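These notes concern the structure reproduced below.
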Amino acid sequence: MNPYWISGWSFNIYDHLVDQGFKNIIAADISEIALNKIKERLGKEKASSVRWIVDDITGPVHIQDLRDIAVWHDRAVLHFLLEEKQQKMYLSTLKKVIKKKGYVIIAAFR
């Protein structure tokens, strides 16, 4: 099964995906502290079901190596991508890592 990418700080979706038996979950954030809080909340066993990546989407290093992401979910990313260069990098990364006919879900604040 293709991997699922979910970005977001203390987002509870990880708990639900792991509990439902989803595999190949990737959690990424610019903040290692934020990811560690999620790991702690999940517990060691559930956290081991998730691939954890600390990276900056505006200048990705590790994220650029991902391929065939089936579902990409980003929470509040548009709030932080204020410069055109950052927005272009984000779009370029999406085009590179999302599998053909994959899904991108972007949540935004109002």
Side-chain angles (χ1 to χ4, degrees):
M1 176 171 278
N2 295 98
Y4 294 86
W5 155 286
I6 297 103
S7 172
W9 196 70
S10 62
F11 204 33
N12 291 339
I13 195 168
Y14 304 104
D15 309 72
H16 301 294
L17 290 173
V18 171
D19 288 344
Q20 293 296 315
F22 284 88
K23 306 289 183 205
N24 296 322
I25 303 166
I26 301 168
D29 201 285
I30 193 171
S31 170
E32 186 171 9
I33 293 168
L35 292 177
N36 285 338
K37 286 183 180 187
I38 299 169
K39 287 181 195 178
E40 186 178 305
R41 189 188 70 240
L42 286 174
K44 192 173 185 175
E45 185 178 335
K46 286 184 181 181
S48 69
S49 299
V50 178
R51 179 176 171 192
W52 304 93
I53 299 175
V54 177
D55 207 354
D56 181 352
I57 195 66
T58 64
V61 175
H62 308 292
I63 295 168
Q64 290 284 31
D65 295 332
L66 300 174
R67 293 291 179 275
D68 296 325
I69 301 295
V71 178
W72 174 291
H73 180 276
D74 244 323
R75 185 172 166 256
V77 69
L78 300 179
H79 181 76
F80 299 103
L81 302 180
L82 303 177
E83 298 175 19
E84 186 176 351
K85 180 181 175 185
Q86 294 171 321
Q87 295 164 359
K88 286 183 177 182
M89 176 58 77
Y90 183 76
L91 183 58
S92 171
T93 300
L94 286 179
K95 288 178 179 179
K96 188 175 183 180
V97 304
I98 303 299
K99 77 176 201 163
K100 191 174 186 172
K101 297 194 179 196
Y103 296 91
V104 176
I105 304 164
I106 299 175
F109 292 128
R110 273 187 70 172

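Here the structure is a predicted model, which is why all the values come from computation and not from measurement. In this chain, numbering begins with 1 at the start of the sequence shown. Any value given below was found using the heavy atoms of this structure, including those in side chains, with hydrogens, waters and symmetry copies removed.
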Residue pair [X] / [Y], side-chain heavy-atom distance below 4.5 Å:
| X | Y | value |
| --- | --- | --- |
| L94 | I69 | no |
| K44 | K39 | no |
| I105 | D74 | no |
| E40 | K37 | no |
| V54 | L35 | yes |

How long is the gap from [atom1] on [X] to [atom2] on [Y], to the nearest 0.5 Å?
| X | Y | atom1 | atom2 | answer |
| --- | --- | --- | --- | --- |
| I25 | Y14 | CD1 | OH | 9.5 Å |
| D55 | L66 | CG | CG | 8.5 Å |
| I13 | I38 | CD1 | CD1 | 11.0 Å |

Heavy-atom donor-acceptor pair, [X] side chain to [Y] backbone, under 3.5 Å:
| X | Y | result |
| --- | --- | --- |
| W52 | V50 | yes |
| T93 | M89 | yes |
| Q20 | L17 | no |

Fill in: Stepwise side chain to side chain contact (heavy atoms under 4.5 Å, CB included) check, K88 with K85
CA-CA 5 Å; K88 286 183 177 182; K85 180 181 175 185; 5.9 Å; no

Fill in: Check against side chain to side chain contact (heavy atoms under 4.5 Å, CB included), I26 and N24
CA-CA 6 Å; I26 301 168; N24 296 322; over 6 Å; no

Worksheet item: Are V97 and I30 connected in the hydrophobic side-chain network, where two residues link if heavy atoms are under 4.5 Å apart?
Response: no

Worksheet item: Is V104 linked to V77 within one hydrophobic cluster, defined over Ile, Leu, Val, Met, Phe, Trp and Tyr using a side-chain heavy-atom separation of less than 4.5 Å?
Response: yes

Discussion item. One thing to verify: whether D15 and R41 come together as a salt bridge, which I'm taking to mean a side-chain N less than 4.0 angstrom from a carboxylate O.
Written reply: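 Between D15 and R41 there is a salt bridge, with a charged N closer than 4.0 Å to a carboxylate O.
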
Show me the side-chain donor-acceptor pairs of residues 57-64 shorter than 3.5 Å, one per line, residues at least two apart or across chains.
unit_1, atom_1, unit_2, atom_2, d
T58, OG1, D56, OD1, 2.7
T58, OG1, D56, OD2, 3.1

Worksheet, complete the sentence: Scanning both residues in full, the closest heavy-atom pair of Y103 with I98 reads N-CG2, 4.3 Å

Worksheet item: Any idea which heavy atoms bring L82 and Q87 closest together, and the distance?
Response: O-NE2, 3.8 Å

Fill in: Stepwise salt bridge (Lys or Arg N to Asp or Glu O under 4.0 Å) check, K100 with D68
CA-CA 8 Å; K100 191 174 186 172; D68 296 325; over 6 Å; no

